[in-house]
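These notes concern the structure reproduced below.
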Protein chains: 2
Amino acid sequence: MVRGLNHVTERSARELPGPVVRRLPKYLTLVQHLREGGVEWVSSADVARALGLTGSTVRQDLSHLKVSGLSRRGYRVAELERVLARVLGADRTWKVVIVGAGNLGQALAKHGDLQRHGFEICGIFDVDRRVIGRKVGALKVMAFSEVDGVVKERGVRLGIIAVPAWAAQEVADRLVAAGIKGVLNLAYANVLVRPGVAVVNARILESLQELVYMVRLGVADRGERR
Amino acid sequence: MVRGLNHVTERSARELPGPVVRRLPKYLTLVQHLREGGVEWVSSADVARALGLTGSTVRQDLSHLKVSGLSRRGYRVAELERVLARVLGADRTWKVVIVGAGNLGQALAKHGDLQRHGFEICGIFDVDRRVIGRKVGALKVMAFSEVDGVVKERGVRLGIIAVPAWAAQEVADRLVAAGIKGVLNLAYANVLVRPGVAVVNARILESLQELVYMVRLGVADRGERR
DNA sequence: TAGATTGTTAATCGATTAACAATC
DNA sequence: TAGATTGTTAATCGATTAACAATC
């Protein structure tokens, strides 16, 4: 563990605990909606209520950031949004490639939410000749063999894996070799990558299975805990 | 918190810690693939390596289940799969409705992975007249107003929300009112439901934002930790 | 002023890891 | 038998919560 090692160089970004990092996007989502709704101030209690947390947790989390609230008022929504966006890198554009032009890959490419939140889709790739060349939104499906070139030429750092389970590891290896620094794995199989490359798994099926467990036990929403 | 309250009735299912519940689907995925690959035995160390955990964690997790390993051999893959499937309810069929027939909703309906893993999609709904009636795989998009009827008549317990953020809460309310017991929320907004109804959030965008944070810090895969 | 809310410290709670006897 | 692996207990580690002085 390297936690707290960078006190030497005192870089701006300090490593935050995992649970905090996973809550930050939720905070960002919330304050974006609040701002759109014209709300100017939000208290830790408000945030906690909306997200199913405690005020303590929210204040602890925000204390890691360079944001300060005001007694009796809470936090300024605009400031919170700016700081959260900064920490999460949501204030800049991130290039991404999608591998797999099946239902899920195509949906992501067309979805719009990604583009709207700072992700620039630099290409969607597949090995299936029947889909290569087909238009997906503004993009044309390219042959998977072209992915290295695109990643290198355009300096793409993120890759989304949306292929069948059996192909996931191979795709990951290829992306990492091409220079990808972070992999979002949607495939129903775990991938292993070398240290220095980040992997986040996001599998709808596993989330559904977790949900089923909770439903069977009649548990209230623990989903928010994450 | 109701943890450990059911010692009175001593039901078969005991409430497992959240982190454990979130790892079980990963174990299941893994052993399914191992079984398909013809592997018969797997040790806690093997599982740990594949999933980026420690052997200790794996053994602790499995000790919650009614599964036993053998010294020098590990766990029997077939048994592990059976027990995990049982605990996660993956040994039976779960009826589900999808609300929102946009890119994501349609992709899920057509995806096939859900059906293949025991989820029966009883309907896909939307409010947009341009998509109502359209074929999506074997299904026809229905008007959202019909969702209550379908949920009640067919006894659907799970709902997937794949609508724009602004509509998510309204859809959740409607589903819960119709009798839905668990909500998988894919929308980019948090929903609140009454106690007794489970919510699991699975947002690709938030996972991507988490990934960006990790990439910026040059962190190795913490994604596996989840 | 009185009251609400932050920011932070300390206490609690829970999860992960280490260790090792039991066992095949 | 010797050695590897489980199952479990205890230790450690870390995250959440409680509490409260500071402050606006």
Side-chain angles (χ1 to χ4, degrees), chain A residues 1-5 14-24 26-27 31 34 39-77 79-80 83 210 219 221-226, chain B residues 1-5 14-24 26-27 31 34 39-77 79-80 83 210 219 221-226:
Chain A
M1 279 301 89
V2 221
R3 176 144 314 163
L5 201 88
R14 186 168 290 277
E15 185 168 352
L16 301 172
V20 178
V21 174
R22 283 190 284 277
R23 282 191 293 266
L24 295 186
K26 295 178 195 300
Y27 296 152
V31 297
L34 289 175
V39 179
E40 287 193 39
W41 295 87
V42 67
S43 71
S44 58
D46 295 336
V47 175
R49 206 172 307 117
L51 264 38
L53 306 167
T54 68
S56 253
T57 300
V58 174
R59 289 198 301 281
Q60 276 278 22
D61 286 353
L62 298 183
S63 75
H64 290 110
L65 277 40
K66 287 206 200 66
V67 62
S68 53
L70 248 51
S71 300
R72 296 259 293 145
R73 299 260 238 165
Y75 303 85
R76 195 180 282 276
V77 169
E79 186 192 350
L80 210 43
V83 173
E210 186 189 334
V219 172
D221 58 320
R222 181 161 58 200
E224 291 305 340
R225 288 292 170 74
R226 273 228 227 171
Chain B
M1 279 301 90
V2 220
R3 176 143 318 165
L5 202 86
R14 187 167 288 279
E15 186 168 352
L16 301 172
V20 178
V21 174
R22 283 190 285 277
R23 281 190 295 265
L24 295 187
K26 295 180 196 301
Y27 295 152
V31 296
L34 289 176
V39 178
E40 286 193 40
W41 294 88
V42 67
S43 71
S44 58
D46 294 337
V47 175
R49 206 172 307 118
L51 264 38
L53 306 166
T54 68
S56 252
T57 300
V58 174
R59 288 198 302 280
Q60 276 278 23
D61 286 354
L62 297 184
S63 74
H64 290 110
L65 276 40
K66 287 205 199 69
V67 63
S68 53
L70 248 51
S71 298
R72 298 259 292 145
R73 300 260 237 164
Y75 303 85
R76 196 180 279 277
V77 168
E79 186 193 350
L80 209 45
V83 172
E210 187 189 332
V219 172
D221 57 319
R222 180 161 57 201
E224 289 308 336
R225 286 292 169 74
R226 270 229 228 173

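Here is the naming used below: chain letters follow the sequence lines, and residue numbers restart at 1 for every chain. All values reported here derive from a predicted model rather than from experimental measurement.
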Query raised in the report: Taking CG from B/L62 and C1' from C/dA15, how many angstroms apart are they, rounded to a whole number?
Result: 16 Å
Query raised in the report: Is A/T57 touching bases, backbone alone, or none of the nucleic acid, heavy atoms closer than 4.0 Å?
Result: base
Query raised in the report: For C/dA15, does OP1 or OP2 lie under 4.0 Å from any side-chain N or O of B/R22?
Result: no
Query - Partner residues of A/R59 under the side chain to side chain donor-acceptor pair (under 3.5 Å) criterion, sequence neighbours left out - result: A/S44
Report task. Write out all pairs satisfying salt bridge (Lys or Arg N to Asp or Glu O under 4.0 Å) with one or both partners inside residues 41-55 of chain A, taking only residues at least two apart or from two chains. Result -> A/D46-A/R49
Query raised in the report: How long is the line joining OH of A/Y75 and P of C/dA4, in whole Å?
Result: 18 Å
Report task. Please list, chain by chain and in numerical order, all residues satisfying side chain to side chain donor-acceptor pair (under 3.5 Å) with A/Y27, sequence neighbours excluded. Result -> A/D61
Report task. Calculate the interatomic distance between B/L80 atom CG and D/dT5 atom C1'; express it in whole Å. Result -> 15 Å
Requested in this report: Could you run through nucleotides 18-24 of chain C and give me one letter per nucleotide, 5' to 3': B if any protein heavy atom sits under 4.0 Å from the base, S if only the sugar-phosphate is that close, - if neither?
Outcome: BB---BB
Going by atom type alone, with no hydrogens or angles, which donor-acceptor pairs under 3.5 Å involve a side-chain atom of residues 50-57 of chain A and a protein atom two or more places apart or on another chain?
unit_1	atom_1	unit_2	atom_2	d
A/T54	OG1	A/T57	N	3.2
A/T54	OG1	A/T57	OG1	3.0

Report summary line: In whole angstroms, the gap separating P of C/dT6 from CG of A/D61 amounts to 13 Å
Query - Nearest-Å distance for atom pair CZ/C1', residues B/R76 and D/dT5 - result: 16 Å
Query raised in the report: What would the secondary structure line of DNA chain C be in dot-bracket form, counting Watson-Crick and G-U wobble pairs under 3.5 Å, with [ ] for pairs that cross earlier ones and | for pairs with another strand?
Result: ..||||||||||||||||||||||
Query raised in the report: Whole-Å distance between C/dG7 P and A/H64 NE2?
Result: 13 Å
Query raised in the report: Looking at residues at least two apart in the chain, or sitting in another chain, which of them share a salt bridge (Lys or Arg N to Asp or Glu O under 4.0 Å) with A/R72?
Result: none
Query raised in the report: Can a side chain N or O of A/S44 be found less than 4.0 Å away from OP1 or OP2 on C/dT6?
Result: yes
